[in-house]
Protein chains: 2
Amino acid sequence: MSTTKVPRDSGFMLRENCPQRRIHYILNGKWTSMVLYALSHGAMRTGQLERALPGISKKMLTQTLRSVEGGGLVERKVFNVVPPRVEYSLAPLGEKFIEPLRGLYDWAASNAAALDELERNMQENTDSRLD
Amino acid sequence: MSTTKVPRDSGFMLRENCPQRRIHYILNGKWTSMVLYALSHGAMRTGQLERALPGISKKMLTQTLRSVEGGGLVERKVFNVVPPRVEYSLAPLGEKFIEPLRGLYDWAASNAAALDELERNMQENTDSRLD
DNA sequence: CGGGATCCTTCAGGATACTG
DNA sequence: CAGTATCCTGAAGGATCCCG
């Protein structure tokens, strides 16, 4: 049978398990990148982080910290003292991650206007239940 | 009354509407960044994009395209021909966005191992309904 | 082919209460 | 102060059908 020559696209493709997809396990989380970013300014205690990210729930904070710790992005240091004291800091891997992230954040800072539009459009196009 | 000197944290804080938070309107979306990334390799037709991102639903593709278009990140070009032809390409603003994003993706490519851990941890710590 | 409109499922993530 | 355990809701996003 004639093997029909399918006109192969441009060839570019982001397969299911390519790094570009998998990194979104980090980026999709509402807090992960911001926690890392916060820590890029120096080690912080749990409470400090909580206050540095207004709106974060205790649950999400610890959950996020656990995962980045498990991923080797963050170091966790526990001091055995009366009022518990735990400090988090960026591991080398995390430092590397921050560099391009900072680039993105810089872009954001320089294009607040575009972000406005984005937000607006994101919401408009999202199903939008019209009572 | 003695104005109790609260020991002001480190001073670092990511307020509710800072750019670093707002850019996550883009990053949180499951497809947005990848669509932009795909387009950074040249203009593409709708169908091409769909195939370049296996697993994306038609709904999400158009929805995503609408929002990035509205945000001025992407240009949409319609050709008035018999079988409709629509081409998307990065707008200058989008090009700028891609640069740091590529940095992140490079990081991902160089640290697949860390991504493994991350994924695992993300899932383990997520409520985890135990039947 | 490109894309709009619905419907439905899932699960990220917030609130709250409790422990050491 | 740091952390765990539930419970519950909203909304992201997939499947499907229809249209020009």
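Below, chain A is the first sequence line, B the second, and so on; all start at residue 1.
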>> Quick check: do B/F97 and B/L93 have side-chain heavy atoms less than 4.5 Å from each other?
In response: no

> Between D/dA2 atom C1' and A/M60 atom CE, what is the distance in whole Å?
Replying inline: 17 Å

> Between B/T62 and C/dG3, is there a side-chain N or O to OP1/OP2 distance below 4.0 Å?
Replying inline: no

>> What's the separation between atom OG in A/S110 and atom NZ in B/K96, rounded to the nearest 0.5 Å?
In response: 7.5 Å

> Roughly, in whole Å, what's the span from CZ in B/R66 to P in C/dA5?
Replying inline: 11 Å

> Whole Å only: how far is the NE2 atom of A/H24 from the C1' atom of C/dA12?
Replying inline: 17 Å

> Under the ring pair (Phe, Tyr, Trp, His ring centres under 6.0 Å) rule, what pairs show up with a residue in residues 39-77 of chain B, not counting sequence neighbours?
Replying inline: A/F12-B/H41, B/Y37-B/H41

> Which whole-number value in Å describes the distance from B/M44 CE to C/dG2 P?
Replying inline: 11 Å

> How long is the line joining CH2 of A/W31 and P of C/dG13, in whole Å?
Replying inline: 9 Å

> For the atom pair CD (B/E87) and CE (B/M44), what is the distance rounded to the nearest 0.5 Å?
Replying inline: 10.0 Å

>> With nearest nucleotide decided by heavy atoms, which residue, B/N28 or A/R45, maps closer to the 5′ end of DNA chain D?
In response: A/R45

> Could you state the CZ-C1' distance from B/R21 to C/dG13, rounded to the nearest angstrom?
Replying inline: 14 Å

Show which side-chain atoms of residues 69-80 of chain B pair as donor or acceptor with protein atoms under 3.5 Å away, not counting sequence neighbours.
none

>> Can you see if the side chain of A/K58 gets near the phosphate of D/dA5 - specifically, an N or O under 4.0 Å from OP1 or OP2?
In response: no

> Over how many whole Å does the gap from B/E50 atom CD to C/dC1 atom C1' extend?
Replying inline: 10 Å

> Out of curiosity, A/D106 CG to B/E99 CD, how far, rounded to the nearest 0.5 Å?
Replying inline: 12.0 Å

> Picking from C/dG3, C/dT6, D/dA2, which would you name as closest to the side chain of B/K59?
Replying inline: C/dT6

> Between C/dG3 atom P and B/L49 atom CG, what is the distance in whole Å?
Replying inline: 10 Å

>> If we ignore hydrogens and angles and just use 3.5 Å, is the side chain of B/T32 paired with the main-chain N or O of B/N28 as donor and acceptor?
In response: no

> Which residues, if any, of residues 75-88 of chain A bring a heavy atom under 4.0 Å of DNA chain D?
Replying inline: A/R76, A/P84, A/V86, A/Y88

